[in-house]
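Below you'll find the structure, written out as structure tokens, and then a few comments.
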Amino acid sequence: MKVVEDQLFVIIGASGDLTARKLIPALFALYVRKLLPEHFAVLGVSRTAHTTEHYRQSLRKALEGIPEGRAGGDRLDGFMKLIYYLPLETSDPQCYGDLGKRLAELGEQYQTSGNCIFYLATPPVLFGRVAGNLHTAGLTRHPSGWRRIIVEKPFGYDLQSARSINRQLLDCFPEDQIYRIDHYLGKETVQNIMVTRFSNGIFEPLWNRNYVNHVEITSAENLGVENRGGYYDGSGALRDMLQNHLLQLMAMVAMEPPTRISANAIRNETLKVLQSVRPLRLPEVEKQVIRGQYTGSSYRGKQYISYRQEKGVRADSHTETYVAVKLFIDNWRWGQVPFYIRTGKRLPARVTEIVVHFRPTPHKLFCFDEGRFNADNQLVIRIQPDEGLLLKLGMKVPGAGFNVQDVNLDFHYADLVREPLPEAYQRLIVDCMQGDATLFTRGDAIEQSWDIVDPILRAWADNPDIPLHGYPAGTWGPAQADSLIEGESYTWRYPCRNLVDDGLYCEL
């Protein structure tokens, strides 16, 4: 592992939920694991009129609720001493002189050599403005140290807004100083996609259109929108999940071997995949994209309300809580192989997985226990939960005859390590501290992914006749989504059954 240089970690928008729920716990876990540099401090910046002591107390309460913080004691006390707070009107460029003075004071106190990360835990609409204010105040560069900036998703609302944000950031920071964070890419099993493919000689020869029938990518949530109805109603499943997380997963599955394990080499290959996705025109949107919205239902002894009854959601909302799409990657490796991607809320389970379906044997000799004659070998890469790999094979049932059934060869990460897997933010924050951008999304890839989904957004906006299908909470989305899968014997892989099956599928 690279040595992490001494540095300051500045969180702009530090009084928000993201800081207390993700960023500070991740930094504390790194502190406990002794992965932070020797000379290090955190400066929280926000409009809220906290003192440093009050801010430390509020964060301490959040840390006492996580595993690393329950022991309390000296470790928690030591970490709290590294945290400082500065009240600042982040949209006012005149206030950034005060930030510069505070950075100089802390830099001298902790001997951080001018090295600094700015983490923008702000709404995306402020990314350009905050970056501009940092640049105008001369804080984006230092004569003896480096400066980096991390920005959160959503990175834009559509292609035009993503391009605008990119231009604003690039006016203030070079590309190699900008880290666009996608916490999905920080998960251990996402990183293991490349290792599975490129370190095992048995997979790569089969990883192409000659042997793969189709690929599924599923990200399901059993929760609804909770208290985010106002935000979600302006976003929807396509923007919230598919445009960023799931297209990046697809790109990692489909990429060519990089020339070396380096940020640019890997990101060059994932960009090529996104550039090769076949554009969707209006007729293709109507046939290759299914959208849905959960309706009320009862299961496990509890009644669940519909999306339109959620707090902050319009009563006539057409925002999708489910989307399934069929895409094609037009290159030599994947020509005519469909990639099916789906995501949704209020589904039966919380699960994210990639399923590679291999082509069946050309000569059907054996009957499977369900009456099937074709062996659908599958490689399942489970991202969350129960992280691991599963390979489905056909094996003979003991006894007379040649009856065959599916069996699983599986590996769980829990069998490899006894400690819990590092949380994604921990890995990504350390990577940024080390200057490693491998698991961060480059600006051109962000714009290319928006270029893929923009025609879908335009089609939905311009054609109200495109149906929005209702699906009962606790089911695997609209029944119409099964029609996307090519081949009579194929359907989506369902990790568990519907929790309710009351026939209340409809068009909203």
Side-chain angles (χ1 to χ4, degrees), residues 182-220 241-259 261 265-278 288 323-343 351-359 376-384 387-392 411 413 424 438-442 445-446 448-449 452-453 484-486 490 492-493 495:
D182 182 340
H183 68 273
Y184 259 58
L185 301 186
K187 296 180 183 295
E188 283 288 333
T189 27
V190 172
Q191 300 159 41
N192 199 41
I193 294 171
M194 286 191 295
V195 177
T196 299
R197 285 188 56 190
F198 303 134
S199 71
N200 296 290
I202 63 173
F203 289 122
E204 189 58 22
L206 308 179
W207 214 262
N208 56 63
R209 58 188 172 85
N210 296 318
Y211 297 98
V212 175
N213 187 76
H214 65 279
V215 178
E216 287 180 50
I217 300 175
T218 293
S219 181
M241 288 294 295
L242 193 141
Q243 176 271 328
N244 40 68
H245 303 323
L246 302 187
L247 287 182
Q248 284 297 316
L249 289 184
M250 182 192 75
M252 296 188 76
V253 170
M255 65 186 279
E256 295 297 318
T259 54
I261 299 300
I266 292 171
R267 297 198 293 181
N268 285 344
E269 297 303 335
T270 56
L271 174 64
K272 290 176 186 177
V273 173
L274 298 174
Q275 290 172 331
S276 301
V277 172
R278 186 183 301 171
Q288 294 178 211
V323 63
V325 59
K326 175 167 63 176
L327 297 174
F328 291 93
I329 299 170
D330 288 336
N331 60 22
W332 278 63
R333 182 184 290 268
W334 296 111
Q336 302 306 312
V337 175
F339 281 72
Y340 301 102
I341 307 175
R342 63 175 172 171
T343 182
V351 58
T352 300
E353 65 180 25
I354 298 160
V355 187
V356 180
H357 293 258
F358 294 97
R359 293 189 182 279
D376 179 19
N377 298 125
Q378 301 172 19
L379 176 65
V380 181
I381 304 172
R382 177 64 65 86
I383 306 299
Q384 64 179 16
E387 294 89 346
L389 297 172
L390 181 149
L391 182 62
K392 300 183 79 70
F411 158 75
Y413 263 95
T438 303
L439 298 177
F440 293 83
T441 311
R442 205 165 59 192
I446 291 276
Q448 191 62 45
S449 63
I452 294 169
V453 303
L484 286 180
I485 308 289
E486 297 178 13
Y490 291 107
W492 294 96
R493 174 181 137 85

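Hydrogens, waters and symmetry mates play no part in the numbers below; they use all other heavy atoms, side chains included. All figures in this text were calculated on a predicted structure; none of them were measured in a lab.
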Which heavy-atom pair separates [X] from [Y] by the least distance, and what is that distance?
| X | Y | result |
| --- | --- | --- |
| V195 | S199 | O-OG, 2.5 Å |
| N213 | V337 | O-CG1, 3.8 Å |
| P495 | V351 | CG-CG1, 4.0 Å |
| A254 | F339 | CB-CZ, 4.1 Å |
| W492 | A324 | CZ2-CB, 4.0 Å |
| L390 | K392 | CD2-CG, 3.2 Å |

Excluding sequence neighbours, so at least two apart, what forms ring-ring contact (aromatic ring centres under 6.0 Å, His included) with [X]?
| X | value |
| --- | --- |
| H245 | H183, Y184 |
| F411 | Y413 |
| F440 | Y179 |

Look up atom [atom1] in [X] and atom [atom2] in [Y], then write down how far apart they are to the nearest 0.5 Å.
| X | Y | atom1 | atom2 | value |
| --- | --- | --- | --- | --- |
| I193 | I354 | CD1 | CD1 | 3.5 Å |
| R267 | L439 | CZ | CG | 9.5 Å |
| F358 | L391 | CZ | CG | 7.0 Å |
| I446 | L271 | CD1 | CG | 11.0 Å |
| I452 | R278 | CD1 | CZ | 13.0 Å |

**Message:** Going by salt bridge (charged side-chain N to carboxylate O under 4.0 Å, His left out), name the residues that satisfy it together with K326, two or more places apart in sequence or in a different chain.
**Reply:**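 Here the qualifying residues are E486.
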**Item:** Listed partners of K272 passing salt bridge (charged side-chain N to carboxylate O under 4.0 Å, His left out), at least two apart
**Value:**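 K272 satisfies salt bridge (charged side-chain N to carboxylate O under 4.0 Å, His left out) with E269 only.
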Any residue meeting side chain to side chain contact (heavy atoms under 4.5 Å, CB included) with [X], in chain and number order, not counting sequence neighbours:
| X | value |
| --- | --- |
| F203 | T196, N200, W207, L379 |
| I341 | I217, L242, L246, L247, M250, V325, L327 |
| A251 | T270, V273, L274 |
| T438 | A263, I266, D436 |

**Message:** List the residues meeting side chain to side chain donor-acceptor pair (under 3.5 Å) with Q378, not counting sequence neighbours, and say none if there are none.
**Reply:**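 Checked Q378 against side chain to side chain donor-acceptor pair (under 3.5 Å); matches are D376.
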**Message:** Restricting to side chain to side chain donor-acceptor pair (under 3.5 Å), what partner residues turn up for E353, sequence neighbours left out?
**Reply:**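 For E353 the side chain to side chain donor-acceptor pair (under 3.5 Å) partners, ignoring immediate neighbours, are R382, R493.
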**Request:** Mark yes or no for whether Q288, through its side chain, and L484, through its backbone, hold a donor-acceptor pair below 3.5 Å.
**Result:**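 Not a single qualifying donor-acceptor pair exists.
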**Message:** Using modelled atom types and a 3.5 Å cut-off, is there a donor and acceptor pairing between side-chain atoms of N331 and backbone atoms of W334?
**Reply:**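 Here the side-chain-to-backbone pair exists.
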Got [X] and [Y] here, is their nearest side-chain heavy-atom distance under 4.5 Å?
| X | Y | answer |
| --- | --- | --- |
| P205 | Y211 | no |
| L185 | M252 | yes |
| T259 | N268 | no |

**Message:** Test side chain to side chain contact (heavy atoms under 4.5 Å, CB included) on N244 and T441; report intermediate values, then the result.
**Reply:** CA-CA 9 Å; N244 40 68; T441 311; over 6 Å; no
**Prompt:** Going through the distances and angles, do R359 and N210 end up as a side chain to side chain donor-acceptor pair (under 3.5 Å)?
**Reply:** CA-CA 8 Å; R359 293 189 182 279; N210 296 318; over 6 Å; no
**Request:** Could you note down all residue pairs passing salt bridge (charged side-chain N to carboxylate O under 4.0 Å, His left out) where residues 242-257 supplies at least one of them, sequence neighbours left out?
**Result:**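 Every salt bridge (charged side-chain N to carboxylate O under 4.0 Å, His left out) pair that includes a residue of residues 242-257, provided the two are not neighbours, is E256-R333.
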**Prompt:** Would you call the rings of H214 and H357 parallel, tilted or perpendicular if under 30° counts as parallel and over 60° as perpendicular?
**Reply:**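 Rings of H214 and H357: parallel, under 30°.
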